[in-house]
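Down below is the structure, laid out as structure tokens.
Reminder, nothing fancy here: chain letters follow the sequence lines and each chain counts from 1. Predicted model, so just to flag it, every value in this text is computed and none were measured.
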Protein chains: 2
Amino acid sequence: MPRIGLDLTILLQAAAEIADTQGIEGLSLATLAKKLNVRTPSLYNHVDGLPGLRAKLSVYGLEQLHAKLTDAAVGRSGDDAIRAFGEAYIAFARSRPGLYDLTLRAPDPHAPEVVQAGKKLVDLLVRLMNGYGLENDDALHAIRGLRSVLHGFASLEQKGGFGLPLDLDKSFRLLLDAFLAGIHTIRSKAPVDGGQP
Amino acid sequence: MPRIGLDLTILLQAAAEIADTQGIEGLSLATLAKKLNVRTPSLYNHVDGLPGLRAKLSVYGLEQLHAKLTDAAVGRSGDDAIRAFGEAYIAFARSRPGLYDLTLRAPDPHAPEVVQAGKKLVDLLVRLMNGYGLENDDALHAIRGLRSVLHGFASLEQKGGFGLPLDLDKSFRLLLDAFLAGIHTIRSKAPVDGGQP
DNA sequence: TTAATATAACTAATGTTATTAGTTTTTGCA
DNA sequence: TGCAAAAACTAATAACATTAGTTATATTAA
């Protein structure tokens with residue numbers, strides 16, 4: 001019945017592209033409308049204003065991230081799985097900086113959709129940690145730690161927080177190794193898959 | 001000679017207060033002017049527009065953070081120093097969320113003032129790491145790791161990334177312990193070029 | 001095939017904010 | 001006392017988000 005022009009998916013992809021290239025501040029209804037050859041108010045037929053756009057993008061980004069992470073972790077376990085997870089996480093943040101940023105900037109982080117998309121990520125991590133030998137609260141604390149490590153590194157890298165001319169990949173590998181070694185120590189057990197090289 | 005009304009320090013304190021309470025998005029020239037009982041254009045006599053305000057606030061925040069961290073670390077060494085540093089870091093991020101956010105959101109992270117304020121922080125950490133037994137690149141990688149851990153935790157906590165009802169302080173202690181244990185392991189292993197596959 | 005309807009996209013209008021230009025006012029010093 | 005510097009002001013403009021109300025088109029039903 002309607003005039004079928006736009007489509008929510010196309011709209012979100014275009015918005016994500018703007019966020020990735022112009023930064024999150026550069027994503028406005030005006031720039032998005034221009035990119036889509038449409039007048040600004042037309043966007044209101046698809047999203048609930050700028051906050052609504054950002055909310056949908058957050059979920060969209062979380063889903064994309066989850067897909068990449070699942071892909072990386074599947075078929076692996078122990079340190080191996082966590083390293084693959086970590087590398088995929090950083091790779092996503094690097095390749096889609098704006099979209100990654102959005103995943104942590106939902107207008108309302110307690111909105112059901114955002115919470116659920118985030119939960120899927122945590123669930124994936126819980127499975128990894130369980131297979132790793134960590135259960136219940138131990139697993140949850142470890143998950144918070146890993147997320148801190150990964151988000152902290154990705155965020156600082158993106159924001160230019162690392163000024164010095166020092167190999168970033170090496171810094172990241174060392175950080176992840178340190179975290180894994182620390183988890184092993186805390187757990188007071190032998191590494192599941194043989195530990196560090 | 002001039003009409004002495006405002007003062008850059010007062011202005012920055014007011015701006016930081018807005019950022020801390022309303023969030024960084026709530027800090028506009030309009031809200032700041034209202035808080036100071038002044039018309040918006042008057043602010044241009046003190047800062048170079050909104051970007052200029054943010055730039056000055058970034059430096060201001062970095063200085064405040066540096067002061068707290070120095071205070072916490074002085075007189076300590078080893079793990080003790082790093083734990084105190086980490087706790088002070090998190091405490092600052094919690095007590096001044098907006099200002100902390102600003103420290104990593106300079107309009108131009110490569111501006112000399114921002115770079116220098118950041119460098120003071122790194123210098124402090126270099127001293128800690130040296131006293132800890134880590135030198136040169138090893139120290140720099142460890143510093144990047146520690147900053148990632150601290151910023152990641154602070155950022156996720158602030159953005160509501162930790163949804164579950166689990167003791168945050170315990171999560172943080174465990175994370176820091178894991179990182180420190182990991183650093184110990186790495187340090188005792190391959191100091192010079194500890195290459196991964 | 002045609003008419004009705006739902007809805008996408010539009011124009012017009014309003015309010016907020018940032019910013020610039022130009023004016024007024026006040027303070028400190030000659 | 002008067003002058004110059006600079007802070008604060010008014011006025012004006014542009015960009016953006018948002019709302020209200022209109023137009024046009026695609027699908028469905030007659």
Quiz prompt | Rounded distance (Å) that lies between atom C1' of D/dA5 and atom NE2 of B/His46 | solution = 14 Å

Self-check item: Rounded interatomic separation in angstrom, taking CG from B/Leu8 and P from D/dA6
Solution: 16 Å

Quiz item: Among D/dC16, C/dC10, D/dA8, which is the nearest nucleotide to the side chain of A/Ser28?
Solution: D/dC16

Quiz item: Mind checking whether B/Leu125 and B/Val115 sit in one hydrophobic cluster, side chains of I, L, V, M, F, W, Y counted as touching below 4.5 Å?
Solution: no

Self-check item: A/Lys34, NZ atom: more than 12 neighbouring heavy atoms under 6.0 Å
Solution: no

Quiz prompt | Side chain of B/Ala30 (C-beta onward), nearest among D/dC16, D/dT10, C/dA18 | solution = C/dA18

Practice problem: Nearest whole angstrom, please: distance from the C1' of D/dA14 to the CG of B/Leu29. | Solution: 16 Å

Practice problem: Return the value, rounded to whole Å, for the distance between atom CZ of A/Arg39 and atom P of D/dT18. | Solution: 18 Å

Quiz item: Which of these passes side-chain contact (heavy atoms from CB on, under 4.5 Å) with A/Leu32: A/Ile18, A/Val38, A/Leu12?
Solution: A/Ile18

Quiz item: What is the distance, rounded to the nearest whole Å, between atom CZ of B/Arg54 and atom P of C/dT19?
Solution: 9 Å

Quiz item: B/Leu6 has a side chain; which of D/dA8, D/dA20, C/dA18 sits nearest to it?
Solution: D/dA8

Quiz prompt | Whole-Å distance separating the CG atom of A/Leu32 from the P atom of D/dC16 | solution = 13 Å

Practice problem: May I ask you to verify if any side-chain N or O of A/Tyr44 is less than 4.0 angstrom from the OP1 or OP2 atom of D/dA17? | Solution: no

Quiz prompt | Between C/dC10 (C1') and A/Asn45 (CG): distance, integer Å | solution = 10 Å

Self-check item: Five-pair end axes of the helix from C/dT1-D/dA30 to C/dA30-D/dT1 and the angle they enclose, rounded to 10°
Solution: 0°

Quiz item: Can the ring centres of B/Tyr132 and B/His184 be said to be less than 6.0 Å apart?
Solution: yes

Quiz item: side-chain contact (heavy atoms from CB on, under 4.5 Å) with A/Leu43: which of A/Asp48, A/Leu53, A/Leu50, A/Leu29?
Solution: A/Leu29

Quiz item: Should the pair A/Asp101-B/Arg105 be classified as a salt bridge under the 4.0 Å nitrogen-to-oxygen rule?
Solution: no

Quiz prompt | Intermediate values then yes/no, side-chain contact (heavy atoms from CB on, under 4.5 Å), A/Gln22 and A/Leu27 | solution = CA-CA 7 Å; A/Gln22 320 289 320; A/Leu27 175 61; over 6 Å; no

Exercise. Would you mind reading off the distance between B/Lys34 atom NZ and C/dA18 atom P, rounded to a whole angstrom?
Key: 11 Å

Self-check item: Side chain of A/Ser42 - closest among C/dT20, D/dA8, C/dC10
Solution: C/dC10

